[in-house]
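These notes concern the structure reproduced below.
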Amino acid sequence: MMHEFGLHAKGGVITERNADFATIRLRIPAGVLSAEQLRGISRIAEEFADGTVHLTMRQTVEIPHLDPDRLEDAAIALKENGTPIGAERDEVVNIMACPGTERCKYANIETINLAKKIDERVFGKRVPTKIRISVSGCTYMCNSPLLNEIGIIGRIRPLRTPGLCTGCGTCVEYCRECAIALKNGISVLDEQKCVQCGICIHSCPYDLLKSEFAHYQITVGGRRGADPHVGRELVEVETEEQVIDVVDRIIYWVYRTAWSNRLLGDQLDEIGFDTFREEIRKEFSSGTAT
């Protein structure tokens, strides 16, 4: 979608302070690389630049100090390596994800493949304002999805079956929100404090706590910077396919309604976020969420 603007106009090509050089940012969804791709990036950095690389906070790699006259050849080599030039301007940039259920014992959702699927659907799309997307496997959000334009968070609402709790207190010890207490020999949940992290379910040694509602929370309009704001909840959905469809709808809504040169979080009310949220919830809400 970007090629008609020319390679030098892509967001992944950044002019350095010394304008004789450029930095190129790569497209690496979820920050996952094979060892062979890492070796390829190393070879490309040595051949076309000064042999250094920069690991960014958005789980991608930058190759600094590249001669712009060699940009076309470097882009070809990067594409062949499976790590093409990425995005940085008013477009959908590199999709972030935590390790998810593949590696993290606290995660509620698979994140890596989901991030790659979202990347396939929306990466690089041109929009009036930059869109950053982050996927987190649990509500402790190591990669801060609430501070991105689109955040996706895996949550589990715990279910306690009356009469089964042994009162061992394990869930009380593990709950970071102090939302569980032992009363009369059984665990009692304070739903006002519960963030649906699922840790009590994972920690129960007798497997007595179950999931009442496993879902993805999708937020919109978060931002970092000097004046950080958390995103607003848009909808809760139950499947990966719904997540991808909702993200696609958000991108289209931003493309059609948002203003340029302003962060998305600063203009949500002006572009009708409440109306958009109502439409999305009518179409995608499962009816199980509260």
Side-chain angles (χ1 to χ4, degrees), residues 97-115 117-118 133-146 148 150-166 170-181 183 186-222 230-250 274 276-290:
C98 71
T101 52
E102 179 179 325
R103 284 181 281 138
C104 180
K105 62 183 178 180
Y106 297 117
N108 299 317
I109 60 171
E110 192 285 320
T111 57
I112 303 297
N113 287 328
L114 175 57
K117 291 175 183 177
I118 295 172
I133 302 174
S134 178
V135 184
S136 180
C138 76
T139 58
Y140 291 104
M141 302 176 279
C142 297
N143 51 341
S144 306
L146 286 176
N148 284 256
I150 300 176
I152 299 153
I153 305 163
R155 303 199 306 183
I156 294 180
R157 184 185 304 151
L159 174 66
R160 282 160 168 72
T161 303
L164 294 183
C165 180
T166 66
T170 302
C171 59
V172 177
E173 293 297 322
Y174 272 86
C175 180
R176 301 179 186 179
E177 304 302 314
C178 298
I180 309 173
K183 295 183 179 180
I186 60 172
S187 65
V188 178
L189 175 68
D190 183 342
E191 294 189 5
Q192 296 300 314
K193 292 182 179 180
C194 178
V195 295
Q196 303 184 56
C197 66
I199 288 180
C200 60
I201 297 173
H202 303 316
S203 68
C204 180
Y206 303 106
D207 197 28
L208 297 178
L209 293 173
K210 305 298 181 182
S211 169
E212 181 181 25
F213 179 45
H215 60 283
Y216 305 79
Q217 179 193 40
I218 302 176
T219 62
V220 174
V230 299
R232 303 186 198 179
E233 182 173 318
L234 177 68
V235 70
E236 296 174 348
V237 298
E238 294 187 72
T239 68
E240 278 194 354
E241 291 73 20
Q242 289 175 317
V243 171
I244 296 166
D245 287 344
V246 170
V247 169
D248 202 16
R249 288 282 296 277
I250 296 170
D274 289 342
F276 177 68
R277 178 172 56 191
E278 184 177 346
E279 294 172 356
I280 290 295
R281 288 185 175 181
K282 284 181 179 178
E283 183 172 352
F284 290 97
S285 285
S286 66
T288 311
T290 56

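- Side chains of H202 and K105 form no contact here, defined as non-hydrogen atoms less than 4.5 Å apart.
- Annotation for A97 and I112: closest pair CB-CD1, 4.4 Å, computed over non-hydrogen atoms.
- Taking the side chain as every heavy atom from C-beta outward, V235 and R281 approach each other to under 4.5 Å.
- Taking the ring-ring contact (aromatic ring centres under 6.0 Å, His included) definition, one finds that Y106 meets it with nothing, sequence neighbours left out.
- Remark: I199 CD1 to C194 SG distance equals 10.5 Å, nearest 0.5 Å.
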Ignoring hydrogens and angles, write down the donor-acceptor pairs under 3.5 Å from the side chains of residues 136-143, residues two or more places apart or on other chains.
from	atom 1	to	atom 2	distance (Å)
S136	OG	C138	O	3.0
Y140	OH	E177	OE2	3.2
N143	ND2	S134	OG	2.9
N143	ND2	V135	O	2.8

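- I156 CD1 to S211 OG: the interatomic distance, rounded to the nearest 0.5 Å, is 4.5 Å.
- With contacts defined as side-chain heavy-atom distances shorter than 4.5 Å, the pair I133/I152 qualifies.
- Heavy atoms only, all atoms of each residue included: K193 and A179 are closest at CB-CB, 3.6 Å.
- For R160, the salt bridge (charged side-chain N to carboxylate O under 4.0 Å, His left out) criterion is met by no residue, not counting sequence neighbours.
- Side-chain atoms of T111 come within 3.5 Å of backbone N or O of C98 as a donor-acceptor pair.
- Put simply, the residue from V243, I153, V246 that forms a side-chain contact (heavy atoms from CB on, under 4.5 Å) with Y216 is V243.
- Applying the salt bridge (charged side-chain N to carboxylate O under 4.0 Å, His left out) criterion to E278, with sequence neighbours excluded, gives K282.
- Residues L209 and C204 approach most closely at N-SG, 4.0 Å, considering heavy atoms.
- Around the CZ atom of F276, the shell of radius 6.0 Å holds more than 12 heavy atoms that belong to other residues, nucleotides or ligands.
- The minimum heavy-atom distance linking T219 with G231 is given by the pair CB-C, 4.2 Å.
- In this structure, D274 and R277 have side chains that are in contact, with non-hydrogen atoms separated by less than 4.5 Å.
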Original post:
Is there a side-chain contact (heavy atoms from CB on, under 4.5 Å) between C200 and C175 once you walk through the steps?
Top reply: CA-CA 6 Å; C200 60; C175 180; 5.7 Å; no
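- A side-chain donor-acceptor contact under 3.5 Å links E110 to the backbone of L114.
- Partners of K210 by side-chain hydrogen bond (donor to acceptor under 3.5 Å, both in side chains), not counting sequence neighbours, listed by chain and number: D207.
- Side-chain contact between Q217 and Q196: absent, with no pair of heavy atoms (C-beta onward) separated by less than 4.5 Å.
- In this structure, D190 has no salt bridge (charged side-chain N to carboxylate O under 4.0 Å, His left out) partners at least two apart in sequence or on a different chain.
- Using a distance-only test at 3.5 Å, with no hydrogens or angles considered, no donor-acceptor pair links the side chain of E102 to the main chain of P99.
- Counting heavy atoms from C-beta outward, F213 and R155 have side chains that stay 4.5 Å or more apart.
- When all heavy atoms are compared, the tightest approach of P158 to E212 is O-OE1, 4.1 Å.
- Counting heavy atoms from C-beta on, the side chains of I218 and I250 come closer than 4.5 Å.
- By the 4.5 Å heavy-atom criterion applied to side chains, T166 and L208 are counted as neighbours.
- Annotation: the span from R249 atom CZ to Q242 atom CD amounts to 12.5 Å, rounded to 0.5 Å.
- Between N108 and C197 the shortest heavy-atom distance is ND2-O, 2.9 Å.
- For the atom pair OG1 (T239) and CD1 (I244), the distance works out to 8.5 Å, reported to the nearest 0.5 Å.
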